[in-house]
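For reference, the structure is listed below as structure tokens.
Below, chains carry the letters A, B, ... as their sequence lines are ordered, and counting in each starts from 1.
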Protein chains: 2
Amino acid sequence: MNKRTEKMAETRAKLIQAARQAFAEKGYAEASMDDLTSKVNLTRGALYHNFGNKLGLLAAVVDQLDSEMAIKAQMKAEAVENEWESFLMEGIAYIEMALVPEIQRIVLLDGPAFLGDPSQWPSQSSCLQLTIAKVQHLIDTNILKEVDVEATSRLVSGAALNAALWVAASATPEEVLPKAIEAFKTLCSGLVKS
Amino acid sequence: MNKRTEKMAETRAKLIQAARQAFAEKGYAEASMDDLTSKVNLTRGALYHNFGNKLGLLAAVVDQLDSEMAIKAQMKAEAVENEWESFLMEGIAYIEMALVPEIQRIVLLDGPAFLGDPSQWPSQSSCLQLTIAKVQHLIDTNILKEVDVEATSRLVSGAALNAALWVAASATPEEVLPKAIEAFKTLCSGLVKS
DNA sequence: AATCTAACATACATGGCGTATGTCTTAGTG
DNA sequence: CACTAAGACATACGCCATGTATGTTAGATT
């Protein structure tokens, strides 16, 4: 049982890739499963066998994107020495990633609408978990006020994502992005111990 | 041409009301237009005549809810003397309203997913406009730092809405709500001039 | 009063999802 | 090395929902 699992993993990957493209372009609701499967020379049969239904495919796609986002954000954050600056950099990384149409459309818009609250997702939203860990650490090291960890994390990530939606919808994203980042920093400064 | 427009306004109201209920219960995608129209003794004919298509109906519903939200938030905010406290109260009001399933599902989840970014809606999102005006005023009166108005407003409202999503998804909303409010206040404190 | 407009209902066409069934390849077994 | 069992995927079908095209009737216009 080697050649079979190998091939199955390949078709799963193909379907997820096709779905990423289709969902990003047309949105989850308008994406046809016949279309996206045939683009990788498969049929809906493969899809239902591997993912159960259309929502299962969306969940798989969201999971993959979420993981990729968390990795990138962590890398960007780790590149900064200062702990507080590192925290801010993570948030800024989310804002910037949320500008990518694929992420915005699938993870930020369709994801919550069709899969429910991100914290309830199977992946548990790696991004959110990452932020929670970081906030906890900053509280432990006496940098942040003693706020509620989960609540603060949700507020911060929510602010970042919403800022990104605004930037992306604007006519001149390149011009407003720095403003969003600046406002984000200012807002977050309310969390630091004085 | 009086009795006709009168009756048409009535059917529009009936359809919007039915849609509010259907969208809130099943979500926009899963709501059947045959079902919701027949619940008020109409057919899809009335719907397409009045709203063009299913998205048109959603837009009308969102517009109505958004207006109601803005009014409520303003009332709550006006009840507070201190300008800064009043601003916070507005945000808190949004958090609390976002706990109402109807608002959460339709305005916060399905709205952005199917209609796009709220700032591009026909209603232009009264809630957002309200926050923008308030932020501008607080900057003018030298209470807030000189941040970018739009960016800050988006961040603040985004934080509030995301906090609400978290509260609503939690097992014990009554217990987490105060935490969310507290965290919101702390976060916003970063905006005040020191 | 006659006609015309428009609000709404009815009927039809299209397409998508989900499931049930079929087929073929691969892994295991004597 | 056949033979069988199972799983991965394709094919075929039914159902339902949206959107549109066509009717029908009530009310406005003259």
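- Residue A:Asn50 places no side-chain N or O under 4.0 Å from the OP1 or OP2 atom of D:dA8.
- Closest to the side chain of A:Met8, out of D:dC9, D:dT18, C:dT19, is D:dC9.
- Nucleotides of DNA chain D nearest to B:Lys7 and A:Thr43 differ in position, and the one nearer the 5' end is that of A:Thr43.
- Rounding to whole angstrom units, CG of residue A:Leu36 and P of C:dG16 are separated by 11 Å.
- Protein atom CD of B:Glu30 is 14 Å distant from nucleotide atom P of D:dC16, rounded to whole Å.
- Between the A:Lys145 side chain and the A:Gly190 main chain, a donor and an acceptor come within less than 3.5 Å of each other.
- Between A:Phe114 and A:Tyr28, the angle of the ring planes lies from 30° to 60°, which puts this pair in the tilted group.
- Without hydrogens or angle criteria, B:Trp121 side chain to B:Gly116 main chain gives a donor-acceptor distance under 3.5 Å.
- A:His49 has a side-chain polar atom (N or O) that falls below the 4.0 Å cut-off from OP1 or OP2 of D:dA8.
- Listed for the B:Arg44 side chain is no donor-acceptor partner under 3.5 Å among the backbone atoms of B:Thr37.
- A:Met33 places its CE atom 11 Å from the P atom of C:dT19, with the value rounded to the nearest Å.
- Rounded to whole Å, atom C1' of C:dG18 lies 17 Å from atom CZ of A:Phe51.
- Without hydrogens or angle criteria, B:Arg20 side chain to B:Glu102 main chain gives no donor-acceptor distance under 3.5 Å.
- The distance from atom CG of A:Leu47 to atom C1' of C:dT19 is 14 Å, rounded to the nearest whole Å.
- Nucleotide C:dA11 holds its P atom 13 Å from the CG atom of B:Asp34, rounded to whole Å.
- Residue B:Ala31 is in sugar-phosphate contact alone, with no base atom involved, counting any heavy-atom pair closer than 4.0 Å across all strands shown.
- Distance from the side chain of A:Leu42 is smallest to D:dA10 among D:dG19, C:dC8, D:dA10.
- Side chain of A:Arg44, nearest nucleotide from D:dC9, C:dT19, C:dA9: C:dT19.
- In terms of phosphate contacts, B:Thr11 brings a side-chain nitrogen or oxygen within less than 4.0 Å of OP1 or OP2 of C:dC8.
- One interatomic measurement links the two molecules: CG of A:Asp35 to P of C:dG16, which rounds to 6 Å at whole-angstrom precision.
- Residue B:Asn53 contributes atom CG, which lies 8 Å from atom P of D:dT20 at whole-angstrom precision.
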